[in-house]
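For reference, the structure discussed in these notes is given below.
The basis for the numbers below is simple: all heavy atoms, side chains too, and nothing from hydrogens, waters or symmetry mates.
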Amino acid sequence: MEILYEDKDILAINKPAGLVVHADGRTKEESVSSWLVEHYPEAKEVGEKLGEIEKPGIVHRIDRETSGILLLAKTKKGYECLKKQFQNREIEKIYHVFLYGKLKEDHGTINLPIGKSASDFRKRSAERGAKGEMREAVTYYQVLKRGEEWTFVEAKPKTGRTHQIRVHFKALHHPVVGDKLYAKGKASLLGFDRLALHAREITFSDTKDKKHNISAPYPEDFKQALTEIWIVI
């Protein structure tokens with residue numbers, strides 16, 4: 001695990017794609033949470049349960065197939081510090097993502113509430129027909145480069161809903177490249193065999209109220225794709 005930042009209470013890692021953040025309670029597999037406890041045993045009692053599921057050190061999450069920055073709490077003090085910032089929406093997150101198609105606007109704000117999909121319990125929806133509680137969701141975006149079949153975008157979610165970036169761009173008819181759930185049946189592009197989504201940057205304050213801005217290097221598949229579209233990294 002690549003460690004990007006560490007102090008007495010907080011850790012920032014560059015999570016590889018394919019690794020789940022915490023166990024689901026049904027299957028046993030390696031997770032970020034189990035890695036944390038193995039290397040930082042003092043973190044075992046840090047955090048809150050999700051029902052019967054233990055998730056030591058986890059304050060927020062990114063999807064299994066998403067790579068990039070994840071903040072972890074090593075101590076209860078670190079957990080409460082980060083939890084408060086997430087609740088108050090004081091933590092700034094930046095994602096880099098490849099989308100299918102040519103997104104028309106150079107920049108914009110997606111302000112679409114998100115509910116549950118009526119067709120698939122695994123999915124969320126920001127489109128007509130969504131069911132259940134519709135929760136506020138806001139994503140800002142800036143186009144970095146366009147091709148004939150794809151658009152490379154920087155996305156800044158103001159809120160932190162499940163699958164938010166994936167759901168919002170699906171609602172604009174430009175789902176994330178390689179998304180097997182929201183772009184089922186679409187051929188992948190630029191060599192990706194997973195979700196083309198990377199948590200690139202995060203800004204947060206530590207327990208002493210000092211602000212930090214941390215960025216996560218691109219994994220190999222992103223590097224290859226960016227080289228292919230002539231972006232110097």
Side-chain angles (χ1 to χ4, degrees), residues 15 17-27 29 31-33 48-53 55 58-70 86-87 89 91 93-105 108-141 143 149-190 192-200 221:
K15 186 190 85 68
L19 182 66
V20 70
V21 171
H22 62 77
D24 61 8
R26 298 187 300 271
T27 58
E29 62 178 307
S31 68
V32 172
S33 196
E48 300 169 2
K49 285 187 176 182
L50 181 64
E52 293 301 312
I53 299 172
K55 47 189 186 81
I58 304 302
V59 191
H60 70 124
R61 61 183 296 277
I62 54 179
D63 295 332
R64 178 197 295 268
E65 288 192 36
T66 302
S67 57
I69 290 185
L70 188 72
F86 276 111
Q87 288 177 336
R89 297 177 182 172
I91 289 180
K93 295 177 286 183
I94 294 176
Y95 290 78
H96 284 181
V97 54
F98 282 95
L99 307 175
Y100 286 106
K102 193 176 284 189
L103 193 60
K104 184 178 179 182
E105 303 297 333
T109 301
I110 308 171
N111 189 352
L112 295 172
I114 292 176
K116 294 182 178 180
S117 167
S119 63
D120 189 330
F121 73 93
R122 299 171 299 168
K123 295 167 71 173
R124 301 294 186 271
S125 177
E127 300 171 70
R128 182 178 296 178
K131 64 179 186 178
E133 181 186 359
M134 300 300 292
R135 304 180 72 186
E136 177 198 11
V138 178
T139 305
Y140 309 110
Y141 70 87
V143 170
E149 299 181 293
W150 51 265
T151 307
F152 185 47
V153 169
E154 181 170 278
K156 298 180 181 180
K158 178 182 178 183
T159 49
R161 306 305 178 201
T162 299
H163 298 173
Q164 179 171 317
I165 291 173
R166 300 163 68 185
V167 169
H168 267 172
F169 285 110
K170 166 71 164 55
L172 296 189
H173 309 293
H174 293 281
V176 178
V177 167
D179 194 332
K180 299 176 181 66
L181 189 58
Y182 293 98
K184 190 175 179 180
K186 279 185 171 289
S188 197
L189 301 173
L190 299 166
F192 283 100
D193 60 4
R194 56 100 173 183
L195 191 69
L197 182 60
H198 181 66
R200 177 65 167 165
D221 52 5

Hey, does the Lys NZ or Arg CZ of Lys158 hover above the aromatic six-ring of Tyr140, less than 6.0 Å from the centre and inside 45° of the axis? no

So CD1 of Ile114 and OG of Ser125: to nearest 0.5 Å the spacing works out to 8.5 Å

Mind checking whether Leu197 and Ile165 have side chains closer than 4.5 Å, heavy atoms only? yes

To the nearest 0.5 Å, how far apart are CH2 in Trp150 and CZ in Phe98? 6.5 Å

Please list all pairs meeting salt bridge (Lys or Arg N to Asp or Glu O under 4.0 Å) that have one or both residues in residues 159-180, counting only residues at least two apart or in different chains. Asp63-Arg166, Glu127-Lys170, Arg166-Asp179

If every non-hydrogen atom of Leu172 is compared with every non-hydrogen atom of Tyr141, which pair is closest and at what distance? CD1-CE2, 4.5 Å

Any side-chain heavy-atom pair from Thr159 and Gln164 closer than 4.5 angstrom? yes

Candidates Lys123, Lys116, Arg122 - the one meeting salt bridge (Lys or Arg N to Asp or Glu O under 4.0 Å) with Asp120: Arg122

Positive for side chain to side chain donor-acceptor pair (under 3.5 Å) with Ser67, one of Arg200, Arg194, Lys15: Arg194

Can you check whether Val138 reaches Ile110 side chain to side chain, under 4.5 Å on heavy atoms? no

So which heavy atom on Gly68 is nearest to which on His198, and how close? CA-CE1, 3.5 Å

Using a 3.5 Å distance criterion without hydrogens, assess whether the side chain of Ser117 forms a donor-acceptor pair with backbone atoms of Ser119. yes

Calculate, to the nearest 0.5 Å, the distance between atoms OG1 and CZ belonging to Thr162 and Arg124 respectively. 4.5 Å

Checking Tyr182 against His163 for the ring-ring contact (aromatic ring centres under 6.0 Å, His included) test, could you report, in this order, the C-alpha distance in whole Å, the side-chain angles of both residues, the deciding distance, and whether it holds? CA-CA 10 Å; Tyr182 293 98; His163 298 173; 5.5 Å; yes

Closest approach of Met134 to Pro113 (non-hydrogen atoms, all atoms of both residues): CE-O, 3.4 Å

Show your working on side chain to side chain contact (heavy atoms under 4.5 Å, CB included) between Leu103 and Val153 and close with a plain yes or no. CA-CA 9 Å; Leu103 193 60; Val153 169; 4.1 Å; yes

In Å and rounded to the nearest 0.5 Å, what is the CD to CD1 distance from Gln87 to Ile91? 10.5 Å

For a 4.5 angstrom cut-off between non-hydrogen side-chain atoms, does Leu99 reach Pro175? no

For the pair Thr151 (side chain) and Gly101 (backbone), establish whether a donor and an acceptor sit closer than 3.5 Å, ignoring hydrogens and angles. yes

Whether His168 side chain and Leu112 backbone form a donor-acceptor pair below 3.5 Å: yes

Rounded to the nearest 0.5 Å, how far does CG of Asp221 lie from CG of Asp193? 7.0 Å

Roughly how far, to the nearest 0.5 Å, is CD1 of Ile58 from CG of Leu70? 5.5 Å

Shortest non-hydrogen contact from Thr139 toward Ala155: CG2-CB, 4.2 Å

Looking only at atom types and distance, does a side-chain atom of Glu154 sit under 3.5 Å from a main-chain N or O of His96, one as donor and one as acceptor? no

Pair Phe86 + His60: ring centers closer than 6.0 Å: yes

Can any side-chain N or O of Tyr100 pair as donor or acceptor with the backbone N or O of His173 at less than 3.5 Å? no

Taking atom CZ of Arg89 as the centre, does the number of heavy atoms from other residues, nucleotides or ligands within less than 6.0 Å exceed 12? yes

